[in-house]
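Each ligand, and each atom within it, is numbered from 1 in the order the structure gives. Any value given below was found using the heavy atoms of this structure, including those in side chains, with hydrogens, waters and symmetry copies removed. These figures come from a predicted structure and were not determined experimentally.
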Amino acid sequence: MNYKSTRNSGIRVSASQAIAQGISAEGGLFVPENFPHYSHTDLLELARCGYTERAACILSAFLSDFTAEEIQECVTAAYTNGKFEKDIPAPITSLKNGMQMLELWHGPTCAFKDMALQLLPHLLTKSLKKIHSSKTALILVATSGDTGKAALEGFKDVDGTLIQVFYPQNGVSPMQKRQMCTQEGSNVAVCAIEGNFDDAQTGVKRIFTDPEIKQLLEQNKILFSSANSINWGRLLPQIVYYFSAYCDLLANDTIKCAGEKINVVVPTGNFGNILAAYYAKKMGLPVHKLICASNSNNVLTEFINTGVYNRKREFHTTISPSMDILVSSNLERLLYDLTENDSERVVGWMKELAANGRYQVGDDVLCPLHELFYAGYCDDEETKEAIKELYDSEHYLCDTHTAVAANVYQQYVKNSKDTETVSVIVSTASPYKFADSVLSAVSDQYQKDEPEFDKIQKLSELTGTAVPPQIAELQAKTVRFGTICSRENMKEIVLKTAKIEPQA
Ligand SMILES: *Cc1c(COP(=O)(O)O)cnc(C)c1O
């Protein structure tokens with residue numbers, strides 16, 4: 001199977017090229033030229049398999065230039081070997097109220113990014129071998145928190161790779177900072193930059209295209225690569241857990257027969273996670289509604305409801321920071337699909353977005369959008385209420401991002417009267433990753449100025465839930481990375497990580 005670009009349907013690359021390259025040269029995103037289809041009988045068969053088998057089956061349909069053995073090696077390395085709690089990467093907790101919580105945060109960094117970033121390094125190193133022989137990949141990441149840590153854990157000590165993460169000095173939570181600065185591994189580097197996330201992102205993009213650096217890297221047999229969610233290698237692993245969740249619900253009789261439809265509720269930022277659910281539906285997974293949940297940065301709610309995408313609005317810093325985003329890159333892939341691969345129209349909208357901060361789609365896109373999706377949002381107060389309500393009524397503790405999904409699901413039920421459809425709520429982070437907000441939602445003894453680890457302890461005692469060891473052990477870990485650099489010095493930092501002497 002080959003891959004096309006959303007901005008030029010004439011382009012054709014192999015799976016390994018799409019993964020190694022990350023993004024198409026003209027700025028488009030790679031999408032598969034067709035999608036395999038799974039029948040109800042296929043679903044019944046998958047239901048008898050474990051997670052890695054389900055993953056191998058779905059991956060092999062898309063990675064036609066990988067051998068079965070290579071795919072098996074990748075999924076085994078990612079999802080077994082104790083990386084995920086009990087080797088069950090994506091368990092479902094069924095609540096009394098019928099909500100099926102798909103918990104994607106039992107990996108090394110306690111956020112759903114692990115589901116893809118534990119697999120991506122293996123896909124990437126194999127892809128590079130297929131197209132470039134012996135070069136080392138230098139992964140550059142600008143992060144606002146979760147992606148940086150998950151990428152570091154994924155690429156830690158992976159042969160043939162180096163990883164450099166930049167985060168905004170004052171733009172990540174204390175826990176996220178701690179997670180990154182105590183990172184172990186011989187091929188990792190982390191640096192704070194003076195500035196915000198946009199500065200980090202701009203700096204990284206500039207380095208990617210700097211001709212001098214490019215030449216120096218080439219002389220040293222190194223090439224840049226990306227671990228962003230625009231990389232197909234990050235989306236593909238996310239399709240798997242929607243199939244797997246359906247199979248689990250089939251196997252435990254929550255779903256009565258293969259073919260019964262489910263709702264999927266996704267707390268959304270860059271539109272990667274919910275796009276994977278859309279692709280799963282396209283591939284035959286019986287999905288009724290894709291429910292897109294946003295926080296106060298509700299650009300997607302407006303888009304799905306009205307067809308107007310408008311990023312010119314106030315940016316809100318919320319208690320669900322991984323969804324604080326105004327330009328959702330992966331929406332481009334959905335638009336490409338809904339226009340039946342009309343790259344010219346997609347290019348037009350993306351140009352309008354860059355020039356005027358806004359574009360509007362026509363009824364031919366809006367109608368299927370309404371058919372497929374339901375969209376809603378809630379603010380920080382409502383997010384905390386949702387945490388408290390789930391805790392009080394179900395004794396279930398969820399994080400702030402998951403709580404946004406729970407709130408929007410309740411809105412959906414109220415508006416649609418759809419109380420019958422089995423609904424999967426995608427739970428994207430451990431509550432301990434956002435302990436401050438979660439504690440303040442459930443406890444009347446919350447003190448704002450208490451140290452982070454005291455709050456974590458309090459949350460555990462109050463709720464009788466265990467602190468994930470990955471978080472507990474951070475307290476005693478040594479800080480390895482304390483460098484802060486200016487935007488101008490990012491280049492030097494990257495060369496140092498690549499062990500290249502700057503030329504006089
Ligand atoms: C990244 C992230 C999201 C948003 O996912 P997208 O794929 O960007 O839509 C939601 N919740 C958490 C905890 C995240 O880290």
Residue set satisfying salt bridge (Lys or Arg N to Asp or Glu O under 4.0 Å) with K177, at least two apart, ordered chain then number -> none

Ring pair (Phe, Tyr, Trp, His ring centres under 6.0 Å) with Y38: of Y246, Y242, F243, Y279, only one passes, and it is F243

Partner set under side-chain hydrogen bond (donor to acceptor under 3.5 Å, both in side chains) for S16, not counting sequence neighbours = S14, D65

Check the pair R313, E302 against salt bridge (Lys or Arg N to Asp or Glu O under 4.0 Å), reporting the backbone distance first and the verdict last.
-> CA-CA 12 Å; R313 58 178 69 218; E302 185 176 282; 3.1 Å; yes

Taking everything shown except K351 itself, do over 12 heavy atoms lie less than 6.0 Å from its NZ?
-> no

Sequence neighbours left out, what passes side-chain hydrogen bond (donor to acceptor under 3.5 Å, both in side chains) with S127? Give chain and number order.
-> none

Residue shell for ligand 1, any heavy atom closer than 4.0 Å, reads F112, K113, D146, P267, T268, G269, N270, F271, G272, N273, S322, M323, H401, T428, A429

